[in-house]
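In what follows, residues are counted from 1 in the order of the sequence shown. Keep in mind that what you see is a predicted model, and the values were worked out from it rather than measured.
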Amino acid sequence: MTTNKNNDKMSREEAGRMGGKATSKNHDKEFYQEIGEKGGEATAKNHDKEFYQEIGEKGGEATSKNHDKEFYQEIGEKGGKANNKRNND
């Protein structure tokens, strides 16, 4: 079992947090982009359209439970501005 600085047994959560901090010190943005891309490609190979529809619906339901009308107005406005900027560049 892993131990912390005080030689106490460390929880998985604590060990994971320490490992994550160490990894972030040793790697840059490109590293995370690369592993994210690889993970996305692997997921796409292993799942079909219905999988993505299902997780999209779950995410949408969770978001709607946690946010109000103003949240959607704000993100819609931001998206509209970004789209307008992209079309005018």
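For the side-chain contact (heavy atoms from CB on, under 4.5 Å) test, residues two or more places apart in sequence or in another chain that qualify with S24 are Y32. In this structure, N87 has no side chain to side chain donor-acceptor pair (under 3.5 Å) partners at least two apart in sequence or on a different chain. In this structure, the salt bridge (Lys or Arg N to Asp or Glu O under 4.0 Å) partners of E13, at least two apart in sequence or on a different chain, are R17. Taking the side chain to side chain donor-acceptor pair (under 3.5 Å) definition, one finds that R12 meets it with nothing, sequence neighbours left out. Residues passing the side chain to side chain donor-acceptor pair (under 3.5 Å) test with K45, sequence neighbours excluded: none.
Counting only distance, with no hydrogens or angles, the side chain of N84 and the backbone of G80 share no donor-acceptor pair below 3.5 Å. Looking only at distances, a side-chain donor or acceptor of N46 sits under 3.5 Å from a matching main-chain atom of A42.
Sorted by first and then second residue, the pairs that involve residues 65-83 and meet salt bridge (Lys or Arg N to Asp or Glu O under 4.0 Å), not counting sequence neighbours, are E74-K78, E77-K81.
In this structure, CD in E61 is found 10.0 Å from OG1 in T63, a value given to the nearest 0.5 Å.
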Worksheet item: Going through the distances and angles, do N66 and F71 end up as a side-chain contact (heavy atoms from CB on, under 4.5 Å)?
Response: CA-CA 10 Å; N66 295 319; F71 168 80; over 6 Å; no
